[in-house]
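Nothing here was measured: the structure is a model prediction, and the numbers come from that model. Side chains are part of it too, since the values below use all heavy atoms of this structure and drop only hydrogens, waters and symmetry mates. In listed order, ligands and their atoms are each counted from 1.
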Amino acid sequence: MPAEKIDTLVVGAGQAGVAMSEHLSRHGIPHLVLERDRIAERWRTGRWDSLVANGPAWHDRFPGLEFTDTDPDAFPAKERIADYFVDYAKKIGAPIRCGVEVTSVERKAGAPGFRVETSQGPIEALNVVAATGAFQTPVIPSLVPQDTSVTQIHSFDYRNPGQLPAGAVMVVGAGSSGAQIAEELLGSGRRVYLSVGPHDRPPRAYRGRDYCWWLGVLGKWDVEAMEPGKEHVTISVSGAHGGHTVDFRRFAAQGMTLVGRTQKFENGVLSFAPDLADNLAEGDAYYLWMLKEADAWAERNGMDLPEEPEAYVIGPDPDCVTDPILSLDLAEAGVTSIVWATGYSRDYSWLKVDTFDAQGVPRHQRGVSLEPGIYFLGLPWQSRRGSTFIWGVWHDAKHVADHIATQRSYRQYRGPAEREAEDAKSSTAAE
Ligand SMILES: Cc1cc2nc3c(=O)[nH]c(=O)nc-3n(C[C@H](O)[C@H](O)[C@H](O)COP(=O)(O)OP(=O)(O)OC[C@H]3O[C@@H](n4cnc5c(N)ncnc54)[C@H](O)[C@@H]3O)c2cc1C
């Protein structure tokens, strides 16, 4: 089958692929976006039923379109977010082809560009943008064998409490997913254990402003790299029920049992690191640091925002923190299921080019890979903290499109002799 030819091929039509299309169009670069499912599929079918955006509608969007039917301070439901990207793609006339999977991308030998194999035939492209995001393959640590009697699912496959067998639930991971799922399960009347690792826990709102606004004015979304010696930790936030601060002590007061990081499983017994108090203390430190930064900013800028001194009060540690459980016999505790809210890894097995390190991590600068013509979008910390989020990816897409446009202009350059030859050719043709 003869290969279809295109300047730039974008793989994936989540928010990253849609943003990429907008910026490529602005440069007038011919492109095609291939999506194996539907536009923004992950928002539709890769999340639990009750999920809403972690940020308010005025914030979690692209600059070119507002959520017209949603209060700007409300948190849109996941389906609404998926619809938003479908509407956005329509508005910008994005050339998206759904139901087409890219199965391999390889550099052409002795010619510019790449040979792309897809489920609907080959394509040749000068550039390929991998806009497949940071949340590709759910990761479950290999701790509890699959053949134990306990049901195990990843947060990717969690839908609602009714899906789990009767009994207590162990939720592992206290980022936004783990915290929100654990809270939902507790609210449904389940007995819940929550394994809490390191996390950042911002206040949902402070002095009348959402934390998204505070991180914006404080320049924290734009921080380009983690502090040296620090590892990336997840932000634990929730837009559920109109949005509220994730407060693990409140969860405990409502009956949830908190434990430290899950470490081992042996003979039906899960063991936890003795780090629960430290993890909570670090989450609190981040929370208090944000309040102080916000106060300092308000004062420096003479902003007359309502004072909120009570926000500084952190409640007493519950018993499960002062006297932590270090091991739990799952059968004795009536735990019949485990929800692993333990994050995602990448899958670039289809991208057969030379820009990955030994661990398969893309090597790149702000999405521009080491293999000329190959680009990434939606990676964690691609250019800044906000890179994996809706508003952040739009800015990264602009940078990637600018780079592609610059490279095109180099490729289109003709030296004096070539220009002379072309001029001669066109004047002969005109005679
Ligand atoms: C539970 C959860 C909640 C989140 N909530 C928020 C939030 O409230 N606000 C926010 O800003 N961010 C949020 N995020 C982060 C981020 O915005 C989302 O994960 C978002 O879906 C990432 O978009 P993306 O386009 O980078 O990747 P994805 O949405 O994963 O899109 C990638 C697309 O690529 C397609 N694809 C993959 N491989 C191929 C292939 N080989 N060929 C063709 N197509 C392919 C997939 O089908 C998919 O549609 C959340 C993330 C998670 C996991």
Which ligand 1 atoms does A53 reach within 4.0 Å, using its non-hydrogen atoms?
-> 8 (O)
Under 4.0 Å between heavy atoms, the region of S177 that gets near ligand 1 turns out to be side chain
Between the side chains of W43 and Q15, is a donor N or O closer than 3.5 angstrom to an acceptor N or O?
-> yes
Could you find the nearest protein heavy atom to atom 4 (C) of ligand 1 and give me its residue, atom name and distance?
-> W43 CH2, 3.8 Å
So, is R47 polar-close to ligand 1, with some N/O to N/O distance under 3.5 Å?
-> yes
Contacts of D37 that satisfy salt bridge (Lys or Arg N to Asp or Glu O under 4.0 Å) - sequence neighbours left out | none
Identity and separation of the nearest protein heavy atom to atom 8 (O) of ligand 1 = N54 N, 2.5 Å
Side-chain donor-acceptor distances from residues 124-131 under 3.5 Å, at least two apart:
{"residue": "E124", "atom": "OE1", "partner": "K5", "partner atom": "NZ", "Å": "3.4"}
{"residue": "E124", "atom": "OE1", "partner": "K108", "partner atom": "NZ", "Å": "3.1"}
{"residue": "N127", "atom": "ND2", "partner": "D7", "partner atom": "OD1", "Å": "3.2"}
{"residue": "N127", "atom": "ND2", "partner": "T8", "partner atom": "OG1", "Å": "3.1"}

Indicate yes or no: does an N/O atom of F135 lie under 3.5 Å from an N/O atom of ligand 1?
-> no
How are the rings of W391 and W221 set relative to one another: parallel (under 30°), tilted (30 to 60°) or perpendicular (over 60°)?
-> perpendicular
Using distance alone, decide if ligand 1 has a nitrogen or oxygen within less than 3.5 Å of any nitrogen or oxygen in W48.
-> no
Taking only non-hydrogen atoms of G14 and a 4.0 Å limit, the atoms of ligand 1 in range are 25 (O), 31 (O), 33 (C)
Against heavy atoms of A131, which atoms of ligand 1 measure under 4.0 Å?
-> 32 (C)
Numbered atoms and elements of ligand 1 in range of Q15, under 4.0 angstrom, heavy atoms | 16 (C), 17 (O), 20 (C), 22 (C), 23 (O), 24 (P), 25 (O)
Subset of ligand 1 atoms that lie under 4.0 Å from at least one heavy atom of T388 | 15 (C), 16 (C), 17 (O)
Does the side chain of V11 reach to within under 4.5 Å of the side chain of M20, using non-hydrogen atoms?
-> no
Kindly assign one of parallel, tilted or perpendicular to the pair H241 and H244, based on the angle between their ring planes and the thresholds 30° and 60°.
-> parallel
closest protein heavy atom to atom 10 (C) of ligand 1 is F389 CD2, 3.6 Å
Examine R346 relative to Y344 and say whether NZ or CZ is less than 6.0 Å from the centre of the six-membered ring and inside a 45° cone about the ring axis.
-> no
Per-atom contacts, ligand 1 versus A16 - under 4.0 Å to a heavy atom = 25 (O), 26 (O)
Atom 28 (P) of ligand 1: nearest protein contact (heavy atom, Å) | R42 CG, 4.0 Å
Between F67 and Y84, how do the two ring planes meet: parallel, tilted or perpendicular, split at 30° and 60°?
-> parallel
Of the protein's non-hydrogen atoms, which lies at the shortest distance from atom 27 (O) of ligand 1, and what is that distance?
-> G133 CA, 3.7 Å
N or O pair under 3.5 Å between V102 and ligand 1 = yes
Which residue and non-hydrogen atom of the protein lie closest to atom 47 (O) of ligand 1, and at what distance in Å?
-> E35 OE2, 2.7 Å
Please state which protein non-hydrogen atom is closest to atom 40 (C) of ligand 1 and give its distance, to 0.1 Å?
-> V11 CG1, 3.7 Å
Enter the distance from N54:CG to C212:SG here, rounded to the nearest 0.5 Å.
-> 8.0 Å
heavy-atom search around atom 43 (C) of ligand 1 in the protein gives R36 N, 3.4 Å
Under a 4.0 Å heavy-atom limit, does F85 contact ligand 1 with its side chain, its backbone, both, or neither?
-> neither
Ligand 1-proximal atoms of A40, by part, heavy-atom distance under 4.0 Å = neither
Under 4.0 Å to a heavy atom of D37 - the qualifying atoms of ligand 1, by number | 47 (O)
Could you tell me whether D222 and R384 have a side-chain N and a carboxylate O separated by less than 4.0 Å?
-> yes
Just which atoms of ligand 1 are under 4.0 Å from any heavy atom in D60?
-> 7 (C), 8 (O), 9 (N), 10 (C), 11 (O)
What part of L377 sits under 4.0 Å from ligand 1 if we count only heavy atoms: the side chain, the backbone, both or neither?
-> neither
The answer for which part of L34 has a heavy atom under 4.0 Å from ligand 1 is backbone
Would you mind telling me if ligand 1 is within reach of the side chain of V100, the backbone, both or neither, using heavy atoms under 4.0 Å?
-> backbone
Within the structure, does I390 bring an N/O atom to less than 3.5 angstrom of an N/O atom in ligand 1?
-> yes
Do we see a donor-acceptor contact under 3.5 Å between the side chains of Y287 and D200?
-> no
Please determine if W391 has a nitrogen or oxygen closer than 3.5 Å to a nitrogen or oxygen of ligand 1.
-> no
To the nearest 0.5 angstrom, please state how far the OG atom of S369 sits from the CG atom of L379.
-> 10.5 Å
Candidates E184, Q163, Q180 - the one meeting side chain to side chain donor-acceptor pair (under 3.5 Å) with Y158 | E184
Salt bridge flag under 4.0 Å for residues R385 and E224 | no
